[in-house]
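A short worksheet on the structure shown next.
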Amino acid sequence: MEPPKPEGMPRRKRRVILVIAVSAIVVAAGFLVWEVFVRPRSLAEVYGFDHWSPGSTVTVVGTITSIERQNTSYGPAVYLGLDGGPGCAGVPSVAGDPTAKYAIGARFQTTLHFQRYTINGDPAVSAPELQCPFPSGLRAIGTVLDAGSLYAGRLFLVYNGTESNGTVHYEIVTANGAAYPPDTLPATLRKSTPLQGSDPILPAGAPIDSFARWIDFGGLQYLGALGAYSEFPIVDEMSSLAAGISRNGSLRFVDANRNGLVDDGDRLDVNLAATGSSTTWDTYQLIIGGLFAAPETYVACTRFILNGPMGPFDIPLPERRDSHVKLRYPGDTFGTTFTSRIDVRPGFGPAPAISDVRFFVQAGGSSGNGTLSNLPISLSNGVSLSLTDANGNGRLDSGDMFRAAGLSNRTSVTLSLAQDNASVGDISWVVGYGEPIGRVPTLTFTTQGTNPWHATANPSFWSPELALNRTLHASLLENGIAVLTNVSLASGTLGTFANGTLALTDSDGDGSLSRGDVFTVTGTGTNRYELDISLLYGSSWPIYF
């Protein structure tokens, strides 16, 4: 039996079917609108969008997993971490109302208003309500470079206010309160060029308009900041801090205490070009010396600057919450062995709780680690480390004192302190000598000739530790047998032995082992020679003839 034909249906039934069909279409359309345009999204969904469209709005919702309050150079801010999958997991992702109270585990909803941005001339899209990936991704670069500067370069530049005329103050902080001559330290200001089209991961015509592209952009900035510098050409430079002012006048060194040295409290003042728009940002590097690329210097620092419509977006020095203490070596006492004393002095940020600080100590070939509350400890070689909490307040602060006992003379010792994932302070010293001045350079040599043999020095950078009257020594082996041992370096003949001599020519007469200085070994042509140059009583650099 054939089914009834539609045209044979009663008119009433046809109307019912039509109403049902239209209703289904309306419901489906409504669901589609809700799903695509209205439904609140998780952060993971927002981060997963292929492109963010300027002018669009997206409601984002999630459970608060972290709360971070900061007093920034742009005013008070609160950043909230939300659940919802990958992306900025563990990092505060959205901006909240700094006057509101929030609780971890509470539900939070906000609307993202995507708009056009420009960064270093590249077109971009983001929402001011998003904290990650912009600007937090770029600020993270600054955090990494700050740590590298302070603990490897021994210097740190920290934002400390902007004058009404736009001059930005960057205060100099040294790792352990040292002071350095300004004539050995140049300064440069570098500004990023547009990156679009300069790398396959950010091709021409590809605006920074998604989470993935912001991460790619940040990666390129990070690589450029680590010393490649191709993305950060120099826009101004100062031959040395002693010059006082840079070539184009945008940099000025201020010797705040007028002692003729570079030390705590001095400043490097900078005038940055205005971005000219409320959605335009630029990135800079402010560099003293050279840390990650040539020309390197024995102390150095790099400050990554995210400059926006109201100047640098940063945390002023008085508002910094990360802890740092200065560790000073005042000397040793001698009994049957040596005991080194290390004093704690104020750095910046709050004094950390002793129970929260981890330590690592290495003395000679032995090491140990733990929390400061576990001190004292003894190492396998008999060296002990103890801490005196001078005021008994349970915090590592001024007046507290470490003692490393049971040491032999000329032992190299390192003490490093950390809280969570951040370094709190560190110091390296040589028993009976003290703390090295800045970083220790690597020595390389070019050999030539045959009896006499010549070895031309090429240190990676100048250092006061390379002075001929400091810790540099030479030893010479002939056919594996020592013929000269730990000879102090000076220009001229260093020593004689049965079959010849060892000499050093200070080619530039600067009193230091510097590029172009030449060691000369005169001996027997058929013998094998090994020249070992040591620095800081430590490992030597061997040269074979």
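A quick note: this is a predicted structure, and the numbers were derived from the prediction, not measured.
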Steps toward side chain to side chain contact (heavy atoms under 4.5 Å, CB included) verdict (T188, D236)
CA-CA 6 Å; T188 53; D236 202 1; over 6 Å; no
If we only count heavy atoms from C-beta on, is the S491 to L504 side-chain gap below 4.5 Å?
no
Heavy atoms of L261 and A179 approach each other most closely as CD1-CB, 3.7 Å
Does Y159 use its side chain to pair, donor to acceptor, with the backbone of P312 at less than 3.5 Å?
no
Residue pair T496 / T501, side-chain donor-acceptor N/O under 3.5 Å:
no
Measuring from atom CG of L494 to atom CG of L531, what distance do you get when rounded to the nearest 0.5 angstrom?
9.0 Å
When the ring planes of F445 and F519 are compared, do they come out parallel, tilted or perpendicular, using 30° and 60° as the limits?
perpendicular
Test item: V521 and F545 side chains (from C-beta on) under 4.5 Å apart, heavy atoms:
yes
Measuring from atom OG1 of T143 to atom CG of D322, what distance do you get when rounded to the nearest 0.5 angstrom?
8.0 Å
Will you find, in the side chains of W429 and S340, an N or O donor that is under 3.5 Å from an N or O acceptor?
yes
Neighbour count above 12 (heavy atom, 6.0 Å) for F497 CZ
yes
Begin from the C-alpha positions of D517 and T505 and carry the test side-chain hydrogen bond (donor to acceptor under 3.5 Å, both in side chains) through to its verdict.
CA-CA 6 Å; D517 293 350; T505 302; over 6 Å; no
Check: T174 and Y180 side chains under 4.5 Å, non-hydrogen atoms:
yes
Do the numbers put R528 on top of the ring of Y544, so that NZ or CZ is under 6.0 Å from the six-membered ring centre and no more than 45° off the axis?
no
Residues D146 and S149: side-chain donor-acceptor under 3.5 angstrom
no
Side chains of R470 and Y433: do they bring a donor and an acceptor to under 3.5 Å?
yes
Check step by step if side-chain hydrogen bond (donor to acceptor under 3.5 Å, both in side chains) holds for T485 and S475.
CA-CA 4 Å; T485 303; S475 297; 5.0 Å; no
Neighbour count above 12 (heavy atom, 6.0 Å) for R69 CZ
yes
Test side chain to side chain contact (heavy atoms under 4.5 Å, CB included) on L372 and L417; report intermediate values, then the result.
CA-CA 9 Å; L372 294 186; L417 308 176; 4.1 Å; yes
Heavy-atom pair with the smallest gap, counting every atom of G432 and Y329
N-OH, 3.6 Å
Should the heavy atoms of other residues, nucleotides or ligands under 6.0 Å from CZ of R320 be counted, would the total exceed 12?
yes
Lys/Arg-Asp/Glu bridge criterion (N-O < 4.0 Å) met for R154, D426:
yes
Around atom CG of N421, are there more than 12 heavy atoms from other residues, nucleotides or ligands closer than 6.0 Å?
no
Going by distance alone, is a donor N or O of one side chain under 3.5 Å from an acceptor N or O of the other, for H454 and T520?
yes
Side chains of S240 and D183 only: does a donor on one sit below 3.5 Å from an acceptor on the other?
no
Please find out if less than 6.0 Å separates the ring center of F232 from that of Y284.
no
Could you check whether any side-chain heavy atom of P186 comes within less than 4.5 Å of a side-chain heavy atom of S239, counting everything from C-beta outward?
no
Report yes or no: do T283 and N120 form a side-chain donor-acceptor pair below 3.5 Å?
yes
T414 versus S416, closest heavy-atom pair with distance:
CG2-OG, 3.8 Å
Over all heavy atoms of both residues, which pair between V325 and V344 is shortest? Give the atoms and the distance, please.
CB-CG1, 4.1 Å
To the nearest 0.5 Å, what is the distance between CG (L241) and CZ (F253)?
5.5 Å
Please evaluate residues R252 and L268 with respect to the criterion side chain to side chain contact (heavy atoms under 4.5 Å, CB included), reporting the C-alpha separation (whole Å), side-chain torsions for both, the decisive distance (0.1 Å), and the verdict.
CA-CA 6 Å; R252 184 181 298 273; L268 193 55; over 6 Å; no
What closest approach, in Å, do M401 and R341 show between heavy atoms, and which atom pair accounts for it?
SD-CD, 3.2 Å
Q285 side chain near L189 side chain, heavy-atom distance below 4.5 Å:
no
Tell me whether D255 contacts the main-chain N or O of G260 through its side chain, where contact means a donor paired with an acceptor under 3.5 Å.
yes
Drop me the distance from N381's CG to S367's OG, to the nearest 0.5 angstrom.
9.5 Å
Could you tell me whether the side chain of V270 reaches within less than 4.5 Å of the side chain of Y170, counting heavy atoms only?
yes
Check the angle between the aromatic planes of W281 and Y74 and answer parallel, tilted or perpendicular using the 30° and 60° thresholds.
parallel
Cation-pi geometry met for R439 and Y298 (6.0 Å, 45°):
no
Hey, is R303 close enough to D314 for a salt bridge, meaning N to O under 4.0 Å?
yes
Measuring only between side-chain heavy atoms, which start at C-beta, is D400 closer than 4.5 Å to D397?
yes
Output, in order, the C-alpha distance, side-chain angles, deciding distance and verdict of side-chain hydrogen bond (donor to acceptor under 3.5 Å, both in side chains) for D508 and S514.
CA-CA 8 Å; D508 53 9; S514 51; 2.9 Å; yes
Less than 3.5 Å apart, any donor N or O on the side chain of E478 or Y529 sitting next to an acceptor on the other?
yes
In D343, D263, D264, the residue satisfying salt bridge (Lys or Arg N to Asp or Glu O under 4.0 Å) with K326 is D264
Taking 4.0 angstrom as the limit, do E237 and R247 come out as a salt bridge?
yes
Test side-chain hydrogen bond (donor to acceptor under 3.5 Å, both in side chains) on Y79 and E68; report intermediate values, then the result.
CA-CA 5 Å; Y79 304 118; E68 181 179 294; over 6 Å; no
CD1 of I305 to CG of D282, rounded to nearest 0.5 Å, is 11.0 Å
Are side-chain N/O atoms of N176 and R328 paired as donor and acceptor at under 3.5 Å?
no
The test is side chain to side chain contact (heavy atoms under 4.5 Å, CB included); show your working for F217 and L138 and say whether it passes.
CA-CA 9 Å; F217 172 79; L138 296 179; 4.0 Å; yes
Among side-chain atoms of T167 and N165, is any donor-acceptor pair under 3.5 angstrom?
yes
Point-to-point distance, once rounded to the nearest 0.5 Å, from CG of N469 to CG of L489:
10.5 Å
